[in-house]
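Accompanying notes for the structure given below.
Predicted model, so just to flag it, every value in this text is computed and none were measured. Order of the sequence lines sets the chain letters (A, B, ...), proteins ahead of strands, with each chain counted from 1.
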Number of protein chains: 2
Amino acid sequence: MPRMSEAEKQRSHNRILDAAAQLFRERGVEATSVADVMKAAGMTHGGFYRHFESKEDLIATAFWHAVDDVVSDMEREETSEGRKKERQGYIAKYLSQAHAQDSRNGCPLAAMGTELARTTGAPHQVGAQALDRMAALLQDTSETGSGQGLAAMALLMGTITLARLTESEEEADRALEAGRTAIGLLQDYWPKERS
Amino acid sequence: MPRMSEAEKQRSHNRILDAAAQLFRERGVEATSVADVMKAAGMTHGGFYRHFESKEDLIATAFWHAVDDVVSDMEREETSEGRKKERQGYIAKYLSQAHAQDSRNGCPLAAMGTELARTTGAPHQVGAQALDRMAALLQDTSETGSGQGLAAMALLMGTITLARLTESEEEADRALEAGRTAIGLLQDYWPKERS
DNA sequence: CATTTAAGATTACATGTATCATCTAAATTA
DNA sequence: TAATTTAGATGATACATGTAATCTTAAATG
């Protein structure tokens, strides 16, 4: 069947990336094989190494692809006022039953963070970069680097992990509700820069 | 070499459990093979099925073993005043560089939570049970079921995950410090039961 | 139109996997 | 002490894994 045009190769490449980004989040990185990814992308595993150097390469690239996917909308917002508005919506979506039940399309850090932390090399690096990016988005207007964005990120990630760990929707809801309350406290009471 | 006395079998059993509890936390559940565990326990893989029905069985049992190990000290404290005191120490240890760097002996939920959430059956169940247990310990004196314990657990888990994801001790420290501040806010400002 | 190129399929490889049947020697028990 | 039991070792199974060489065919190039 090969060979295909440059444009079609790009499309294949993106299909692999999309499939990997979804499967890695849904089943985990270790639990997903290169063959699984290629099958989900509608190909056989043979062609894989025309697109990526190794599975490790795919992990880093697909993870970053997922981060872009989830985060770039909000980054386009230029004014800090516009962001503040969007941030509330983003947080509400993040702490929703829908997000808890759809890890496939959800926060890549929540789904793969633990696994990336255990890695060394490129996958670990992009994980750390993603953290910077997302914490910056969660940072409330005024002071950057106060740690409030980091705390918010930790709380969000922790909360969906708990919600996904529960055994009923009611319990998941209790976790999500607790997360919402806690995020509110961080926003309302985080100490001002003393300087 | 076999056969060994009943007492020695128990000791073997515990060695397997300890090894599994450590390796699962350090490398992850999927990334750890039954053979790895048995080798770390000083045995060959053949004897494994005299002790456990399956790897899934081991996962659930070893996870619970780790939870007991980490949590049972604090549960022995009877009075809620005694617990309150201990809780602060527990939280300080949890949000420490030492804990971030030693997942092997650290919080089982932080290390395996995401993976357990993806499981079905016994491993998922014990994960949910562990959450109940730990959230109860983090619950501040007064009102149970307010969700404050859940939020605290989410924050703690999220924070070490972030600390482990960073690429330098300084960044890890920033995450841990943010977590400490946030925990304080939860304790100080969590809304009283309206009733 | 002929030649070259390369995307993806096919196949192969060596290794790792969970599981289990069988073997062994020592502890139990009769 | 003799017979029985069984913990753990050995080895085999059947399959999944990451990687790579090779083949096929259509696109790109001349």
Which residues, if any, of residues 7-16 of chain A bring a heavy atom under 4.0 Å of DNA chain C? A/Lys9, A/Ser12
Can you check the B/Arg50 CZ to D/dT5 P distance for me, whole Å? 14 Å
Please determine whether a side-chain nitrogen or oxygen atom of A/Tyr49 lies at a distance below 4.0 Å from atom OP1 or OP2 of D/dT19. yes
Evaluate side chain to side chain contact (heavy atoms under 4.5 Å, CB included) for B/Asp36 paired with B/Arg27, printing each intermediate quantity in order. CA-CA 11 Å; B/Asp36 289 339; B/Arg27 304 185 196 165; 3.6 Å; yes
Salt bridge between A/Glu75 and A/Arg133, side-chain N to carboxylate O under 4.0 Å? yes
Do the side chains of B/Lys84 and B/Asp140 get close enough for a salt bridge, i.e. N-O under 4.0 angstrom? no
Is there a donor-acceptor contact under 3.5 Å linking the side chains of B/Thr181 and A/Gln148? no
In whole angstroms, how far is the C1' atom of D/dG8 from the NE2 atom of B/His51? 7 Å
Under a 3.5 Å cutoff, is there a donor and acceptor pairing between the side chains of B/Thr114 and A/Thr114? yes
Go through the steps for B/Val29 and B/Phe63 under the test side chain to side chain contact (heavy atoms under 4.5 Å, CB included), then give the verdict. CA-CA 10 Å; B/Val29 172; B/Phe63 172 80; over 6 Å; no
Go through the side-chain N and O atoms of B/Asp18 and B/His65 and say whether any donor and acceptor fall under 3.5 Å apart. yes
Taking only nitrogen or oxygen atoms into account, show me every contact under 3.5 Å that the protein makes with nucleotides 11-17 of chain C, one pair per line with its distance.
residue	atom	partner	partner atom	Å
C/dT11	O4	A/His45	NE2	3.2

Between P on D/dA7 and CE on B/Met43, what's the gap in Å once rounded to a whole number? 12 Å
Salt bridge check: are A/Glu115 and B/Arg118 linked by an N-O gap of less than 4.0 Å? yes
In whole angstrom, what separates B/Phe48's CZ from C/dC20's P? 11 Å
